[in-house]
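This report concerns only the one structure given below.
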Amino acid sequence: MSLTLYNTLTRRKEPFRPIDPANVRMYVCGPTVYDYAHIGNARPVIVFDVLFRLLRHVFGETHVTYARNITDVDDKINARAAQEFPSLPLNEAIRQVTTKTETQFHADIAALGVLPPTHEPRATEFIRRDDNKVDMVRLIEDLVARGHAYVAQDHVLFDVASMPDYGRLANRSLEEMEAGARVDVAPYKRGAMDFVLWKPSKPGEPAWPSPAGIATPGRPGWHIECSAMAGALLGDVFDIHGGGIDLVFPHHENELAQSRCAHGTAVMANYWMHNGFLQVEGEKMSKSLGNFITIHELLETKTFGQQPWHGRVIKFAMLGTHYRQPIDWTVGRLVQARATLMDFADVVSAVSPADAPHADVIAALSDDLNTPSAISILHGIAKSAQRNAESAAQLKATLQFLGVYGEEKRGDFAVGVEARSVDAAQVESLIGARNAARKAKDFKEADRIRDELAAMGVQLKDAKDKTTGEIVTTWEVKG
RNA sequence: GGCCACGUGGCGGAGUGGUGACGCAGCGGACUGCAAAUCCGCGUACCCCGGUUCAAUUCCGGGCGUGGCCUCCA
């Protein structure tokens, strides 16, 4: 089984060769915890969950280390905290915001059917450490010592000119970036593209003792946290680094620059993977357009499509598009994903899963995570499950492997449908009456009863028992 | 302005230098008293214009459209 992944660094698909097959290491940029995670945040969570599962399948469950961070130090968090808890001291208010948001994030993504990562570090835990693991302050000291960073007005700045191939990931040169810059350059910067590693804090703001001999306490810049967490948990060089495509520049470019220059390595990660962007109903998702949609709203409210949606339906809908393609998030695609999962549930809910996922699905995923192709194969397996019990077992194992199915029944996926309360005994008795009428060839009465049941929201299905030829009537409640 | 993606049938969505993945919807048939459900079958789609080629949806160039990054936004 050969695994191929598209590498943003080289802009092509490459065979995946881990540094150490006994410990495959992946880092993915996680959320900044200041507000509900939105559906765009869900995409990398879902995509890299599938990759995590695939890697575990290929290399063994205990041979993959997956780190996804929580960013809990950020100016947006500070602003939100001051706004929401004006009466609390800022640091206390920040703790309220980050704790609440992190708890919400975990609840949201648990419903999606994703595995917890091996490590979920918080940025604040890696500013300064006393256990000899890499931390942000040490990285900054190293960068200054190696001549890649300088102190100016209580800031520490990364000197972009000190790194010959800066811009390689984003595929643009320093000259291009400087020419295109639309922001005012801070006067203390040596180069226009130099970025902040550490900045001074105002009184009352979160603050830590500064590195590089700076007297004023300060706080870290945006990119350094990931360098520290990845370095501490996965090592100076690791296998896969993932995130949304919008992070390529500046976040990943800068992160990679810091890590490489601090460690003196030629790469930070061998494979850089980026998921495509998401739109909502054909438009950019934004609060001003009123189409900003959170995972929580999708799961628990009727804001999108006038109904809530099952977490696994959300995940399955997301996997219907290849991870690098742009995706237009619509009600229609959720409806379709739900219908498919319902049909699969019918095939699979009563059988025991096979020992392993279907090899063809693994092969599809091994081609740069081709989930649409994998889903197509799923349909084929479901079809052959009509007359082959082994296929049903394989389908179940494969769906569970992907985390798009657990033990749900068809109806469980229809969380949005208002289940009209029906009296099962009454329904059964009406069905009995209808069948009696049919036997007596009183079709007028039989159809009247069927209409009556339909008015109650009960849909009948007549099927012939294969062995006895007897008509068996089943029913379900329709929304 | 600079850089970069994407544009496939009614819809969603893979893929490929030469026999139309797959799903939904639709159509036809079987079954049924009639339906529903189920099963079987059915589609000459690749934004436009040039070029390369025996052959292009697939490669190259140009255009148009949509979107992203260059603003701590996945």
Side-chain angles (χ1 to χ4, degrees), chain A residues 8 11 28-32 34 37-48 71 73-77 167 170-173 175-184 193 195-196 199 220-225 242-251 253-254 274-279 282-286 317 319-328 330 332-340 343 346 364 367 370-380 382-383 386-387 437-439 441-444 446-447 450-451 453-454 459-464 471-476 478:
Chain A
T8 306
R11 284 163 208 273
V28 173
C29 290
T32 300
Y34 70 103
H38 55 71
I39 187 63
N41 296 308
R43 175 115 97 143
V45 170
I46 290 170
V47 163
F48 292 104
T71 296
V73 51
D74 182 282
D75 289 349
K76 286 197 300 289
I77 298 175
N171 193 31
R172 52 184 110 172
S173 70
E175 296 73 52
E176 279 170 8
M177 287 188 272
E178 284 169 3
R182 298 187 307 199
V183 273
D184 293 335
M193 298 310 292
F195 56 91
V196 169
K199 55 191 169 186
W222 175 34
H223 317 296
I224 194 72
E225 57 175 83
I245 195 163
D246 55 317
L247 292 182
V248 171
F249 194 89
H251 183 53
E253 189 71 55
N254 292 351
H274 295 96
N275 61 269
F277 225 68
L278 178 144
Q279 286 181 272
E283 287 184 306
K284 179 176 177 143
M285 178 168 68
S286 75
L319 297 179
T321 297
H322 183 83
Y323 77 93
R324 282 193 280 119
Q325 293 290 104
I327 186 169
D328 187 17
T330 61
R333 93 190 300 134
L334 283 167
V335 170
Q336 203 170 305
R338 185 177 62 191
T340 304
D343 287 348
D346 281 342
D367 178 16
N370 194 335
T371 51
S373 177
I375 289 170
S376 153
I377 292 159
L378 252 22
H379 284 291
K383 195 167 190 174
Q386 301 289 348
R387 41 187 80 80
R438 292 174 71 201
K439 269 207 175 105
K441 306 250 189 243
D442 184 355
F443 297 120
K444 205 174 160 194
D447 290 352
R450 185 168 66 201
D451 291 346
L453 283 165
Q459 174 69 61
L460 298 182
K461 294 178 193 174
D462 296 331
K464 232 180 212 170
I471 300 257
V472 184
T473 302
T474 56
W475 60 280
E476 68 176 271
K478 286 262 184 177

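The chains referred to below are lettered A, B, ... by the order of the sequence lines, with proteins before strands, and numbering in each begins at 1. On a predicted model such as this, the values are computed, not experimentally measured, just so you know.
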Out of curiosity, [X] [atom1] to [Y] [atom2], how far, rounded to the nearest 0.5 Å?
X	Y	atom1	atom2	result
Ile39(A)	Gln279(A)	CD1	CD	14.0 Å
Ile327(A)	Asn275(A)	CD1	CG	10.0 Å
Thr8(A)	Arg324(A)	OG1	CZ	8.0 Å
Thr371(A)	His322(A)	OG1	NE2	7.0 Å

When you compare U71(B) with C46(B), how far apart are their P atoms, in angstrom units rounded to a whole number?
40 Å
Separation between the P atoms of G51(B) and C42(B), rounded to whole Å:
38 Å
Using a cut-off of 4.0 Å between protein heavy atoms and nucleotide atoms, how would you tag nucleotides 26-33 of chain B 5' to 3' with B, S and -?
------SB
Look at the side chain of [X] and decide which nucleotide, out of [options], has an atom nearest to it.
X	options	value
Gln386(A)	A36(B), C39(B), A74(B)	C39(B)
Asp75(A)	A35(B), C72(B), G23(B)	C72(B)
Gln336(A)	C24(B), G68(B), A36(B)	C24(B)
Leu278(A)	A36(B), A74(B), C69(B)	A74(B)
Arg333(A)	C72(B), G13(B), A36(B)	G13(B)
Gln325(A)	G23(B), A14(B), C22(B)	A14(B)
Asp246(A)	C70(B), A74(B), G23(B)	A74(B)
Pro372(A)	A74(B), C22(B), G13(B)	G13(B)

Parallel, tilted or perpendicular for Phe195(A) and His223(A), by the 30°/60° rule?
perpendicular
Correct closest heavy-atom pair for Asn41(A) and Val45(A) would be O-CG2, 3.4 Å
How far apart are the closest heavy atoms of Pro326(A) and Thr321(A), and which atoms are they?
O-CG2, 3.8 Å
Using a 5.5 Å cut-off between ring centres and planes within 30 degrees, is Phe277(A) stacked on the base of A74(B)?
yes
Stepwise, does the salt bridge (Lys or Arg N to Asp or Glu O under 4.0 Å) test hold for Asp462(A) with Arg450(A)?
CA-CA 11 Å; Asp462(A) 296 331; Arg450(A) 185 168 66 201; 5.4 Å; no
5′-ward residue of the pair Ala170(A)/Gly282(A) relative to RNA chain B:
Ala170(A)
Most 5' of Met285(A) and Pro250(A) on RNA chain B, judged by nearest nucleotide
Pro250(A)
Looking only at atom types and distance, does a side-chain atom of Asp328(A) sit under 3.5 Å from a main-chain N or O of Gly282(A), one as donor and one as acceptor?
yes
Map every base of RNA chain B to its dot-bracket character, where paired means a Watson-Crick or G-U wobble contact with both distances under 3.5 Å and | marks a partner outside the strand.
(((((((..(((.....[...))).(((((.......)))))....(((((..]....))))))))))))....
Verify the contact: side-chain N or O of Lys461(A) to OP1 or OP2 of U38(B), cut-off strictly under 4.0 Å; return yes or no.
no
Ser376(A) side-chain N/O to A21(B) phosphate OP1/OP2 under 4.0 Å:
no
Length of the CG-C1' vector between Asn370(A) and C22(B), whole Å
11 Å
Figure out the CG/C1' separation between Asp451(A) and A36(B), and round it to whole Å.
12 Å
Has the side chain of Gln279(A) got a donor or acceptor atom sitting under 3.5 Å from an opposite partner on the base of G67(B)?
no
